[in-house]
> 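Got a structure for you, written out below as structure tokens; questions coming shortly.
Note that the structure is predicted; figures quoted are calculated from it, not measured.
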Amino acid sequence: VQLQASGEAWCRLGGSLSLSCQASRIIFSRGPMGWYRQAPGKQRELVASIGGDTNIADFVKGRFTISRDNAKSMVVLQMNSLKPEDTGVYYCNAVGPVKSPWGQGTLVTVSS
């Protein structure tokens, strides 16, 4: 089982980035999928999730959206109006208790 969301991405303040993740069909079919992030020195937090409905964390609401392609087992996080505080490592994984190994994630750096 492997979640493919790795690498690095960089943009300036106010820019946009799109992160995509392809999950295994087993994990993807279990229910809601989410994007998480871990900022330097902070704990990992859930940014957005999508299953029967969509939930966006207050700190990115209005700037980030999440979508999924069930046929491809993919989850996409669209990030707009990025701020330096959005810098961190982004991961996708199941929202429920059964998760895949976290992997390396994608390092997103937003510069001012």
Side-chain angles (χ1 to χ4, degrees):
V1 174
Q2 186 172 14
L3 296 174
Q4 301 177 5
S6 61
E8 296 185 23
W10 173 88
C11 75
R12 295 187 185 279
L13 172 67
S16 296
L17 289 172
S18 179
L19 302 180
S20 63
C21 164
Q22 186 168 31
S24 73
R25 290 188 179 274
I26 294 175
I27 293 297
F28 198 85
S29 66
R30 285 184 178 270
M33 292 291 296
W35 277 96
Y36 302 75
R37 76 181 181 192
Q38 186 166 17
K42 296 186 178 181
Q43 291 188 336
R44 187 180 292 134
E45 59 188 352
L46 181 63
V47 174
S49 65
I50 183 167
D53 56 3
T54 299
N55 292 289
I56 307 294
D58 287 343
F59 51 83
V60 297
K61 192 167 291 184
R63 300 188 296 120
F64 289 16
T65 59
I66 187 171
S67 61
R68 63 190 284 166
D69 184 332
N70 292 332
K72 298 180 180 178
S73 299
M74 289 188 69
V75 186
V76 177
L77 183 69
Q78 178 64 43
M79 305 183 291
N80 301 322
S81 301
L82 282 161
K83 305 175 181 179
E85 51 262 45
D86 294 318
T87 293
V89 181
Y90 286 72
Y91 307 85
C92 74
N93 213 326
V95 174
V98 180
K99 290 179 168 56
S100 291
W102 285 97
Q104 296 181 343
T106 298
L107 174 60
V108 172
T109 302
V110 183
S111 66
S112 56

> Within this structure, what is the OH-OG distance for the pair Tyr91 and Ser100, rounded to the nearest 0.5 Å?
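Separation between the atoms: 14.0 Å.
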> How would you list all residue pairs meeting salt bridge (Lys or Arg N to Asp or Glu O under 4.0 Å) that involve residues 15-43, not counting sequence neighbours?
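The answer is Arg37-Glu45, Arg37-Asp86.
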> Can you list everything that forms a ring-ring contact (aromatic ring centres under 6.0 Å, His included) with Tyr36? Sequence neighbours excluded, please.
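Expected list: Trp102.
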> Of all residues at least two apart in sequence or in a different chain, which pass the side chain to side chain contact (heavy atoms under 4.5 Å, CB included) check with Ser81?
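Checked Ser81 against side chain to side chain contact (heavy atoms under 4.5 Å, CB included); matches are Arg63.
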> How about Asn55 and Leu46: do any of their side-chain heavy atoms sit closer than 4.5 Å?
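With C-beta onward as the side chain, the pair stays apart.
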> Check whether any side-chain heavy atom of Glu8 sits under 4.5 Å from a side-chain heavy atom of Thr109, and report yes or no.
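A side-chain contact under 4.5 Å is absent here.
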> Decide yes or no for Ile27 and Met33: does some side-chain heavy atom of the first lie under 4.5 Å from some side-chain heavy atom of the second?
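Ile27 reaches Met33 side chain to side chain.
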> Would you say Cys21 and Tyr90 make side-chain contact, with heavy atoms under 4.5 Å?
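The answer is no, as the side chains (C-beta and beyond) never meet within the 4.5 Å cut-off.
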> Strictly by salt bridge (Lys or Arg N to Asp or Glu O under 4.0 Å), give each pair with a member in residues 48-60 just once, sequence neighbours left out.
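Counting only pairs at least two positions apart or across chains, the salt bridge (Lys or Arg N to Asp or Glu O under 4.0 Å) contacts touching residues 48-60 are Asp58-Lys61.
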> Can you run down the salt bridge (Lys or Arg N to Asp or Glu O under 4.0 Å) pairs that involve residues 67-84, sequence neighbours left out, and say none if there aren't any?
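Sorted pair list comes back empty.
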> Report yes or no: do Leu77 and Leu17 belong to one cluster of Ile/Leu/Val/Met/Phe/Trp/Tyr joined by side chain heavy-atom distances under 4.5 Å?
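Yes.
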> Can you name the residues that form a side chain to side chain donor-acceptor pair (under 3.5 Å) with Ser111, not counting sequence neighbours?
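In terms of side chain to side chain donor-acceptor pair (under 3.5 Å), with neighbours along the sequence ignored, Ser111 is linked to no residue.
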> Going by heavy atoms in the side chains, are Phe64 and Leu82 under 4.5 Å from each other?
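Counting from C-beta outward, Phe64 and Leu82 do come under 4.5 Å.
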> Return the set of residues passing side chain to side chain contact (heavy atoms under 4.5 Å, CB included) with Ser18 (not counting sequence neighbours), or none when no residue passes.
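So Ser18 forms a side chain to side chain contact (heavy atoms under 4.5 Å, CB included) with Val76, Gln78.
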> Please lay out, stage by stage, how Met79 and Val47 fare under the test side-chain contact (heavy atoms from CB on, under 4.5 Å).
CA-CA 11 Å; Met79 305 183 291; Val47 174; over 6 Å; no
> Please give me the minimum heavy-atom distance between Ser49 and Ile66, naming the atom from each residue.
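Shortest heavy-atom separation between Ser49 and Ile66 comes out as O-CG2, 3.7 Å.
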> Between Ala94 and Lys99, which heavy-atom pair has the shortest distance, and what is it?
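In this case the closest contact between Ala94 and Lys99 is O-CE, 3.1 Å.
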> Quick one: side chain to side chain contact (heavy atoms under 4.5 Å, CB included) partners of Pro84, sequence neighbours excluded?
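Side chain to side chain contact (heavy atoms under 4.5 Å, CB included) check on Pro84 returns Leu13, Val110, Ser112.
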> Check whether Phe59 and Trp35 end up in the same hydrophobic cluster, where Ile, Leu, Val, Met, Phe, Trp and Tyr are linked by side-chain heavy atoms less than 4.5 Å apart.
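Same hydrophobic cluster.
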> I need the minimum non-hydrogen distance between Ile56 and Ala48, along with the two atoms involved.
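Between these two residues, the closest heavy atoms are CD1-CB, 3.6 Å.
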> So with a 6.0 Å cut-off around CD of Gln43, is the heavy-atom count from everything else above 12?
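It does not: Gln43 CD has 12 such atoms or fewer within range.
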